[in-house]
J.: 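Take a look at the following structure, please.
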Amino acid sequence: AIRLAIVFIILCYFFVSLKIFEVFWPSSEIRLNGAGYSNTNYGFTVKLPESWNGFTTSTSKWICHKTKVSGYQKFAEGPLLIIHHPSWNGDNSRQDIPVMVFTVKQWEDHSLGKFYVGNAPFPPSKLGSNSRYVFALPAQYNDAFLPGYEEVEKILEANPLIAIDG
């Protein structure tokens, strides 16, 4: 019985070390060991898998309006940083990783219901924060179900954002 147990342990080690199990049971886990996006202006890094090496970025802004009796009034705005998959281009749409940047005060006001961002029935999801900024994912960032949205969901499930103070 002891010999059989030793043989079993050796075989398991062999299979694991050669990643033979992954051939038959592929891992749905995403490994964030590729290049990462770092933003020193706001103090955060987003870890990405190797399939995202060669990514590009662009910048936009989020704007929210507060309803007044006389119409809409701009209430708050901030940067929207967008990380594009390497195969993304103007003709080939793919799911991006958008990161909204709020000041801590803006996030507090938003959390208190002083303003709302977007038309979704739920707020942006907090990805992380440092002492100056809160980083969030827009509420309806993946509503178009673009190619790659499943991969982006797996990346986000792995908590890829690391906030840095400094």
Side-chain angles (χ1 to χ4, degrees), residues 11-64 76-104 106-108 110-111 115-166:
L11 285 174
C12 286
Y13 176 78
F14 176 74
F15 285 134
V16 170
S17 65
L18 291 180
K19 299 185 179 189
I20 290 173
F21 285 128
E22 289 184 21
V23 172
F24 299 106
W25 298 284
S27 173
S28 62
E29 197 175 291
I30 217 138
R31 290 181 178 83
L32 303 179
N33 57 356
Y37 168 68
S38 292
N39 188 301
T40 55
N41 290 336
Y42 299 107
F44 72 94
T45 296
V46 176
K47 298 182 294 180
L48 298 166
E50 286 182 12
S51 62
W52 281 64
N53 286 349
F55 66 87
T56 57
T57 60
S58 62
T59 304
S60 185
K61 75 167 67 166
W62 59 264
I63 299 173
C64 78
E77 66 183 19
L80 175 64
L81 308 172
I82 305 163
I83 306 168
H84 304 285
H85 188 276
S87 63
W88 172 91
N89 63 43
D91 298 325
N92 183 21
S93 295
R94 270 191 78 83
Q95 182 61 58
D96 299 319
I97 300 174
V99 179
M100 301 172 80
V101 181
F102 292 81
T103 64
V104 171
Q106 285 174 326
W107 188 257
E108 288 170 358
H110 180 268
S111 298
F115 68 90
Y116 300 95
V117 179
N119 296 322
F122 48 91
S125 303
K126 185 176 178 180
L127 295 170
S129 62
N130 58 29
S131 61
R132 295 174 54 205
Y133 300 104
V134 175
F135 311 106
L137 185 66
Q140 295 175 312
Y141 80 96
N142 64 351
D143 277 0
F145 298 104
L146 293 172
Y149 81 93
E150 299 101 335
E151 180 184 24
V152 169
E153 286 179 358
K154 287 180 182 178
I155 291 169
L156 294 171
E157 287 170 4
N159 300 314
L161 190 135
I162 301 166
I164 304 162
D165 272 312

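One is the number of the first residue; the rest follow in order along the sequence.
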J.: Give the ring-plane orientation class for Phe145 versus Tyr149, where under 30° counts as parallel, over 60° as perpendicular and anything between as tilted.
T.: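 Ring orientation of Phe145 relative to Tyr149: perpendicular.
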
J.: Any donor and acceptor pair, going by atom type alone, linking the side chain of Asp96 with main-chain N or O of Ile82 inside 3.5 Å?
T.: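 Looks like no, no N/O pair under 3.5 Å.
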
J.: Between Gln106 and Thr103 (side chain of the first, backbone of the second, donor and acceptor by atom type, cut-off under 3.5 Å), is there such a pair?
T.: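 Between the backbone of Thr103 and the side chain of Gln106 there is a qualifying donor-acceptor contact (under 3.5 Å).
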
J.: Quick one: which residue pairs count as a salt bridge (Lys or Arg N to Asp or Glu O under 4.0 Å) with a foot in residues 133-145, not counting sequence neighbours?
T.: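 Pairs touching residues 133-145 that pass the test: none.
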
J.: Hey, does Thr59 have a side-chain heavy atom less than 4.5 Å from the side chain of Leu80?
T.: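 Side chain of Leu80 against side chain of Thr59, heavy atoms only: no contact under 4.5 Å found.
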
J.: Taking all non-hydrogen atoms of both residues into account, name the closest pair between Phe115 and Cys64 and its distance.
T.: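 Minimum heavy-atom contact is CD1-SG, 2.9 Å.
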
J.: Rounded to the nearest 0.5 Å, what's the gap from CD on Glu50 to CG on Asn53? Could you check?
T.: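 One gets 6.0 Å once the value is rounded to the nearest 0.5 Å.
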
J.: For side-chain contact (heavy atoms from CB on, under 4.5 Å), just list the numbers for Asn142 and Val152, CA-CA rounded to whole Å, side-chain angles, deciding distance to a tenth of an Å, and then say yes or no.
T.: CA-CA 9 Å; Asn142 64 351; Val152 169; over 6 Å; no

J.: Please check: side-chain N/O of Asn92 versus main-chain N/O of Ser87, any donor-acceptor pairing under 3.5 Å?
T.: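 Checking the backbone N and O of Ser87 against the side chain of Asn92, a donor-acceptor pair under 3.5 Å is found.
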
J.: Applying side-chain contact (heavy atoms from CB on, under 4.5 Å) to Trp107 and Val101, what does each step give before you reach the verdict?
T.: CA-CA 9 Å; Trp107 188 257; Val101 181; over 6 Å; no

J.: Can you check whether His85 reaches Trp52 side chain to side chain, under 4.5 Å on heavy atoms?
T.: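 In contact.
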
J.: Can you tell if the side chain of Met100 reaches within under 4.5 Å of the side chain of Lys126, non-hydrogen atoms only?
T.: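 Side-chain contact under 4.5 Å: no.
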
J.: Does Asp165 use its side chain to pair, donor to acceptor, with the backbone of Ser131 at less than 3.5 Å?
T.: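 It does hold such a pair.
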
J.: With heavy-atom distances below 4.5 Å as the criterion, would you say the side chains of Phe135 and Val46 are in contact?
T.: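 No, every pair of side-chain atoms sits at 4.5 Å or beyond.
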
J.: Nearest heavy-atom pair of Arg94 and Gly148: which atoms, and what distance?
T.: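 Shortest heavy-atom separation between Arg94 and Gly148 comes out as NH2-CA, 3.6 Å.
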
J.: Could you grab the distance from atom NZ of Lys47 to atom CD1 of Ile155, nearest 0.5 Å is fine?
T.: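 Interatomic distance, Lys47 NZ to Ile155 CD1, rounded to 0.5 Å: 11.5 Å.
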
J.: Using ring pair (Phe, Tyr, Trp, His ring centres under 6.0 Å) as the criterion, list what pairs up with Phe55, not counting sequence neighbours.
T.: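 With sequence neighbours excluded, Phe55 shows a ring pair (Phe, Tyr, Trp, His ring centres under 6.0 Å) to no residue whatsoever.
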
J.: Is there a side-chain contact (heavy atoms from CB on, under 4.5 Å) between Trp88 and Thr56? Walk through the geometry before answering.
T.: CA-CA 8 Å; Trp88 172 91; Thr56 57; 4.1 Å; yes

J.: Measure the spacing between OG1 of Thr57 and CG of Asn39 and express it to the nearest 0.5 Å.
T.: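 So the OG1 of Thr57 and the CG of Asn39 are separated by 8.5 Å.
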
J.: Working to the nearest 0.5 Å, report the span between NZ of Lys61 and CG of Leu81.
T.: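 It comes to 12.5 Å.
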
J.: With the side chain counted from C-beta on, respond yes when Leu137 and Pro124 share a heavy-atom pair under 4.5 Å apart, and no when they do not.
T.: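 They are not in contact (no side-chain heavy atoms under 4.5 Å apart), so the answer is no.
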
J.: Would His84 and Ser58 count as a side chain to side chain donor-acceptor pair (under 3.5 Å) here? Give the steps.
T.: CA-CA 8 Å; His84 304 285; Ser58 62; 2.8 Å; yes

J.: Taking the side chain as every heavy atom from C-beta outward, state whether Gln95 and Pro147 have any atom pair closer than 4.5 Å.
T.: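 Side-chain contact under 4.5 Å: no.
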
J.: Thr45: which residues meet the side-chain hydrogen bond (donor to acceptor under 3.5 Å, both in side chains) condition with it, sequence neighbours left out?
T.: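 Listed in chain order: Ser38.
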
J.: Just jot down the ring pair (Phe, Tyr, Trp, His ring centres under 6.0 Å) partners of Phe122, sequence neighbours excluded, or say none.
T.: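 Scan of Phe122 (ring pair (Phe, Tyr, Trp, His ring centres under 6.0 Å), adjacent residues dropped) gives none.
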
J.: Considering only heavy atoms from C-beta outward, does the side chain of Leu161 approach that of Val99 to under 4.5 Å?
T.: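 Contact flag for Leu161/Val99 side chains = yes.
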
J.: Who passes ring pair (Phe, Tyr, Trp, His ring centres under 6.0 Å) against Tyr141, sequence neighbours left out?
T.: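 Tyr141 satisfies ring pair (Phe, Tyr, Trp, His ring centres under 6.0 Å) with no residue once adjacent residues are dropped.
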
J.: Name all residues meeting the ring pair (Phe, Tyr, Trp, His ring centres under 6.0 Å) criterion together with Trp62; count only those two or more places apart in sequence or in a different chain, and write none if there are none.
T.: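 With neighbours one apart ignored, the set is Phe102.
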
J.: Any non-hydrogen side-chain atom of His110 less than 4.5 Å from a side-chain atom of Val117?
T.: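 Yes, side chains in contact.
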
J.: Looking at every heavy atom in both Ser51 and Pro86, which two are closest together, and how far apart are they?
T.: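 So the minimum-distance heavy-atom pair works out to O-CG, 3.6 Å.
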
